[in-house]
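Below is one structure, written out as C-alpha cells; comments come after it.
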2 protein chains.
Amino acid sequence: MARYEQIASDLRDAIVRGGYPIGAQLPSEAELALRYSAARGTVRQAVALLAAEGLVGSRQGARRIVLGSERSQSFAELHSFAQWARSMGYRASGTVLSSQRRPCSPSEAVRLSLEPGEEVLDVLRLRRLDGEPVLVERTVYAGWIAPAVERLDPGCESVTQELYESVGLVFAYGEHLIDAVAAGSEDARLLGVRRGSPLLRQRRVTTTQEGRPVESSDDRYRAGSVTFSIRNSTAANPLVRRAGD
Amino acid sequence: MARYEQIASDLRDAIVRGGYPIGAQLPSEAELALRYSAARGTVRQAVALLAAEGLVGSRQGARRIVLGSERSQSFAELHSFAQWARSMGYRASGTVLSSQRRPCSPSEAVRLSLEPGEEVLDVLRLRRLDGEPVLVERTVYAGWIAPAVERLDPGCESVTQELYESVGLVFAYGEHLIDAVAAGSEDARLLGVRRGSPLLRQRRVTTTQEGRPVESSDDRYRAGSVTFSIRNSTAANPLVRRAGD
DNA sequence: AGCTCTGGCTTGTTTGTACAAGTTCGCCTA
DNA sequence: TAGGCGAACTTGTACAAACAAGCCAGAGCT
C-alpha cells in the first residue's frame, strides 16, 4: 500500500469515526505533512483521494472542509451484485434462468467491439437479497469469454469473483446508464410486481484493464430496493445527465 | 487557465475529434512533456483529469488507453436543468406552481443543517423541454436564501444562474440519490402520464463552497426523457449503490 | 515453431523547492 | 462603529530528480 493511500485511509477513518464532523476543517497540508513525516506532495495525493470520494472539499486559500462521512464502496461492489450485498450485510443469491449462444445484433457489435454476426452468450439471471427477488439481469457476454461463463455453477453467487478465480479475468472499467422503465410481463412475473410498475434500470458495459469489452448488461431493480448515490463538485464531475433515447 | 488544464483540453479535443480512437494508445508522458515543453508532473495532472472524466485508462508499465470519446458535461450542467438543456440544444422553460414559507421538518433540519423549526421556502416547479413537460421539481430552500429566491421571476429559466447574478450564490458541492418511483396523482397530472407509471427520481442536496447547505430537492423525470450516465474504474469510483429506504 | 528471459520503456510514488493566488483575521483609521 | 488595509496562512501550480514496479517486444534458446 502506497504511503499516500495509508494517509488517506487514516484520515478517512478519522472522518468516518466522527473525529472530523461534517463542516469541520481538516488540518492544513503543512501540519499533516509534519504529522505523517511526508512531503507536502504526498499529503496532497492523499487528500485528493478523499476529495474524489466526495468526503472533503477545498478552495484555494481556505482550509479543507469535511462534506460527508459515509464510506464509499469499491469498484467491485458497484459491478458485482454479490460483493455489494455482502458488504451491506445482506445474503445474496441468484439463479440462471436461461443461457444460450446466438449471433450478436448490430448494436451489440458496436457496444462490445465485435465483428457483426460474431457469437455472443446471452444469460438471464434472477438475483435475490435475503431471499427476496430484487433484480432481473440480462447480460450479453462477448464470445471469447463465453466458455468460462458457461462453466460456472448456475446458482453461483458472484460471477465476477468466479471469473477472476477461474480465468483471471479482471473487470477494470465500466460505463453505466441509469433510467426508469415500466416492468414488462417477464420482469413483473420474476420480480413479483404488477406489469407496468416502476423499475430502476442500469445498463452497463464493462471492459478489462486493456479496454477490451467483456459484457453488456441490462439490470432492472424493483423500485425501493436499491438507490444510486453520487457526490460531485465543481472540480470533480463524474455524473452526467443525458437526454433519453 | 492553468497549464495542465490547457494540455488536458488539447488532448481531450484530439480524442473527441477522433485523433485517438477508442482503444488507441496515448503518447507516453515523456513524449507529451517534450511536446508541450512541460514537466512530467504537469502532464500527469493533465491526464489525471482525463482519467477522472473516464476518457482514458491506465495501468502501470503500459501506455495509456483511450476508453471513451464523449465530452462529459460541467458541474453546472448537472445541477442546473436550464444550463444542461441549453448545452444539449434544447429550449428549456419552467413555471413556478407554488411557493410558500413554512417551518422545516426534522429530517429537513438535518439535511440542511438548520435549527429544528427554522423557516424554509417550499417551491414546486414544472420544467419543460421544447414545450413538453418533463420534470416536476419540489425544492426546499434554507431560510437564509429564501428572500432571493422569492424575488425571482416565476417563469425564470435558470434559477442557478439568476441566484448567481443577483446575490453571487455559487453551488459547489452536491449529493444525489437516484431511484425509480411510481407517479403520484399530482406528478401524473403535471407530467401528463398515468398514475403509477414509472418516474426517474433524483433527490439532491446542494451546498456552497463553504459546505453550507442551500437547497434540498426531489426531482422527478418522466420515463424516457432523461438518463444518467457514469464512467468508473478500479481507481476512480464515484458512483455507489445503496439499499433502498 | 514455440518458449523463456532480459533489457528498455512506461507509469507509479516520493521528495524538495519555488512562486502564485485566494482567505482570514486583526489592526488601524476615519 | 464601520470600513479598509495588510500580514500571515493555506491551497494551487509548476519544475526537477530519483527510484520502484509493471509491461512488452525482440533476442536467444530448445
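Sequence lines set the chain letters: A, B, ... in the order given, protein chains first and strands last, and positions in each chain run from 1. What you see below is based on every heavy atom in this structure, not just the backbone, and it leaves out hydrogens, waters and symmetry mates.
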Nucleotide range of DNA chain C contacted by chain A, 5' to 3', under 4.0 Å to a heavy atom?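 It runs C:dT13 to C:dT24.
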Near DNA chain C, under 4.0 Å by heavy atom, which residues of residues 55-67 of chain B?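 When residues 55-67 of chain B is checked for heavy atoms under 4.0 Å from DNA chain C, the hits, listed by number, are B:Ser58, B:Arg59, B:Gln60, B:Gly61, B:Ala62, B:Arg63, B:Arg64.
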Which residues in residues 1-9 of chain B have at least one heavy atom lying under 4.0 Å from any atom of DNA chain D?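 Residues of residues 1-9 of chain B under 4.0 Å from DNA chain D: B:Ala2, B:Arg3, B:Tyr4.
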Stretch residues 30-43 of chain A: residues that reach within less than 4.0 Å of DNA chain D through a heavy atom: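 Heavy-atom cutoff 4.0 Å gives A:Arg40.
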Set out, in order, the CA-CA distance, both residues' side-chain angles and the distance that settles side-chain contact (heavy atoms from CB on, under 4.5 Å) for A:Phe171 and A:Gln209, then state yes or no. CA-CA 7 Å; A:Phe171 294 95; A:Gln209 287 187 321; over 6 Å; no
If the condition is side-chain hydrogen bond (donor to acceptor under 3.5 Å, both in side chains), which residues does [X] pass it with, not counting sequence neighbours?
X: A:Tyr173; value: none
X: B:Thr160; value: none
X: A:Arg59; value: none
X: A:Ser99; value: none

Return the set of residues passing salt bridge (Lys or Arg N to Asp or Glu O under 4.0 Å) with B:Glu137 (not counting sequence neighbours), or none when no residue passes.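 Expected list: B:Arg125, B:Arg127.
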Who passes salt bridge (Lys or Arg N to Asp or Glu O under 4.0 Å) against B:Glu119, sequence neighbours left out?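 Result, salt bridge (Lys or Arg N to Asp or Glu O under 4.0 Å) vs B:Glu119: B:Arg101.
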For the pair B:Arg12 and B:Glu53, find out whether any cationic side-chain nitrogen is under 4.0 Å from an anionic carboxylate oxygen.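 Salt bridge between B:Arg12 and B:Glu53, a charged N being under 4.0 Å from a carboxylate O: yes.
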One thing to verify: whether A:Arg201 and A:Asp218 come together as a salt bridge, which I'm taking to mean a side-chain N less than 4.0 angstrom from a carboxylate O.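 Answer for the salt bridge query: yes.
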Would you indicate whether the side-chain heavy atoms of B:Val149 and B:Val159 approach each other to under 4.5 Å?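 They are not in side-chain contact.
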With no hydrogens and no angle check, do the side chains of [X] and [Y] hold a donor and an acceptor under 3.5 Å apart?
X: A:Asp10; Y: A:Tyr36; value: yes
X: A:Arg111; Y: A:Ser216; value: yes
X: B:Glu215; Y: B:Ser217; value: no

Does anything in residues 37-48 of chain A form a side-chain hydrogen bond (donor to acceptor under 3.5 Å, both in side chains)? List the pairs, not counting sequence neighbours.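 Counting only pairs at least two positions apart or across chains, the side-chain hydrogen bond (donor to acceptor under 3.5 Å, both in side chains) contacts touching residues 37-48 of chain A are A:Glu29-A:Arg40, A:Glu29-A:Arg44.
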Just how far is it from atom NE2 of A:His176 to atom CZ of B:Phe228, taken to the nearest 0.5 Å?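 If we round to the nearest 0.5 Å, A:His176:NE2 and B:Phe228:CZ are 15.5 Å apart.
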Hey, which sits more toward the 5' end of DNA chain C by its nearest nucleotide, B:Leu26 or B:Gln209?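 Its nearest nucleotide lies further toward 5', so the answer is B:Leu26.
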Degree of bending in the helix from C:dA1-D:dT30 to C:dA30-D:dT1 once both end axes are built from five pairs, to 10°: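 Rounded value for the end-axis angle: 10°.
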